[in-house]
Amino acid sequence: MTDGTFLRYVALGDSQTEGVGDGDDTGGLRGWADRLAELLARDSPGMLYANLAVRGRLAGQVRAEQLAPALALDPDFATVVAGFNDLLRPGFDADATAGQLEEMFAALTGRGARVATLAFPDVGRITPLARPLVPRVRALNARVREAAGRYGVVVVETGHHPVVTDPRLWSPDRLHAGPLGHARIAAAVAEALDLPGADDSWTRPLPPPDVPLPTGLRAELRWAGAFLGPWLGRRLRGRSSGDGRGAKRPELLPVVRVEEPGVR
């Protein structure tokens, strides 16, 4: 980092960092990390950005597959967000998952990079059927905060703001942020990093919806049939949404700003 600006940003993680929910595989995914890179590049026009994230990856897979390539890119800033896929597994171990993240924190900060990560929101407030996962989310968040504290890693907290549970911030699968959600995550990270021009506007509620948002048992059953069922089917077959996929942006490249009116 020179004169308070980042020169090389590398993002590690799974589907959220890859950008699932913000665009598609035909037109391309954007996502909060891409949006954050654009915010960083406003003050660092020559900044380079790589995104090594791949959907479906467990925290251990992120460490095993992405850490060495990330270190080879010599970042002065990195984001590490993983673990949500782990807590969805029957044998989830919060200590082991956080340990994988801590290894990445240690390696990246040890090379002089500033590192940021995200705490996960209360999934039970987003999807009522996910309430049994809430203790796991809290346990993982607590351990990640402890690990981050040991290495000076910035932890971006979003879960205590009511707007985070607004369905309009989420994609239909309720597991990934939608475009509005990805934009708000990028803004939250920017505020946590104290970037010029960043503020807490990302915490403010959206205006009232034009039409009532779907709620109740019928909406839950539709969601379960459209998204939960297929996800469970992949797990039973030992498959992952990331099978056969590689990083979308494995090399450091200049950042091209995307103009998108109406997404805040």
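For the numbers below, each heavy atom of this structure counts, side chains included, while hydrogens, waters and symmetry mates do not. Keep in mind the model is a prediction, meaning the values are calculated, not measured.
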Does Tyr49 form a side chain to side chain donor-acceptor pair (under 3.5 Å) with Asp34? I'd like the steps, not just the answer. CA-CA 8 Å; Tyr49 162 59; Asp34 288 24; 2.5 Å; yes

Hey, any chance [X] and [Y] share a hydrophobic cluster, counting ILVMFWY side chains that come within less than 4.5 Å of each other, even indirectly?
X      : Y      : value
Leu48  : Leu108 : yes
Trp32  : Val255 : yes
Tyr9   : Val80  : yes
Val189 : Leu40  : yes
Leu118 : Leu175 : yes

Between [X] and [Y], is there a side-chain N and carboxylate O pair less than 4.0 Å apart?
X      : Y      : result
Glu18  : Lys248 : no
Arg184 : Asp166 : no
Glu157 : Arg145 : yes

Show your working on side-chain contact (heavy atoms from CB on, under 4.5 Å) between Thr117 and Val156 and close with a plain yes or no. CA-CA 6 Å; Thr117 190; Val156 182; over 6 Å; no

For residues [X] and [Y], report the shortest heavy-atom separation together with the two atoms involved.
X      : Y      : answer
Ala188 : Thr158 : CB-CG2, 4.0 Å
Leu29  : Arg55  : CD1-NH2, 3.3 Å
Val137 : Pro121 : CG1-O, 3.5 Å
Val154 : Ala192 : CG1-CB, 3.8 Å
Pro196 : Arg42  : O-NH2, 3.6 Å
Ala147 : Glu102 : CB-OE1, 3.5 Å

Sole residue of Thr109, Val115, Leu12 in side chain to side chain contact (heavy atoms under 4.5 Å, CB included) with Met104: Leu12

Check whether any side-chain N or O of [X] sits under 3.5 Å from a backbone N or O of [Y] as a donor-acceptor pair, and report yes or no.
X      : Y      : value
Arg89  : Asn85  : yes
His182 : Gly31  : no
Thr97  : Ala94  : no
Gln61  : Val54  : no
Ser44  : Phe6   : yes
Asp14  : Gly56  : no
Asp86  : Ala59  : yes
Thr203 : Asp200 : yes
Arg136 : Leu87  : yes
Trp170 : Val164 : yes

For Leu252 and Val10: C-alpha separation, side-chain torsions, deciding distance, then whether side-chain contact (heavy atoms from CB on, under 4.5 Å) applies. CA-CA 8 Å; Leu252 288 166; Val10 179; 4.1 Å; yes

Any side-chain heavy-atom pair of [X] and [Y] under 4.5 Å:
X      : Y      : value
Arg35  : Pro179 : yes
Val155 : Asn141 : no
Arg114 : Asp76  : no
Val134 : Asp122 : yes
Val62  : Leu58  : no
Arg8   : Phe77  : no
Leu71  : Arg111 : yes

Could you walk me through whether Val144 and Phe105 pass side-chain contact (heavy atoms from CB on, under 4.5 Å), step by step? CA-CA 10 Å; Val144 169; Phe105 296 163; 4.3 Å; yes

First locate atom [atom1] of [X], then atom [atom2] of [Y], and finally report the distance between them rounded to the nearest 0.5 Å.
X      : Y      : atom1 : atom2 : answer
Leu253 : Asn51  : CG    : CG    : 11.0 Å
Ser171 : Leu180 : OG    : CG    : 12.0 Å
Asp194 : Asp199 : CG    : CG    : 11.0 Å
His176 : Gln16  : NE2   : CD    : 5.0 Å
Leu7   : Met47  : CG    : CE    : 9.0 Å

Test side-chain contact (heavy atoms from CB on, under 4.5 Å) on Leu140 and Phe84; report intermediate values, then the result. CA-CA 9 Å; Leu140 180 57; Phe84 195 82; over 6 Å; no

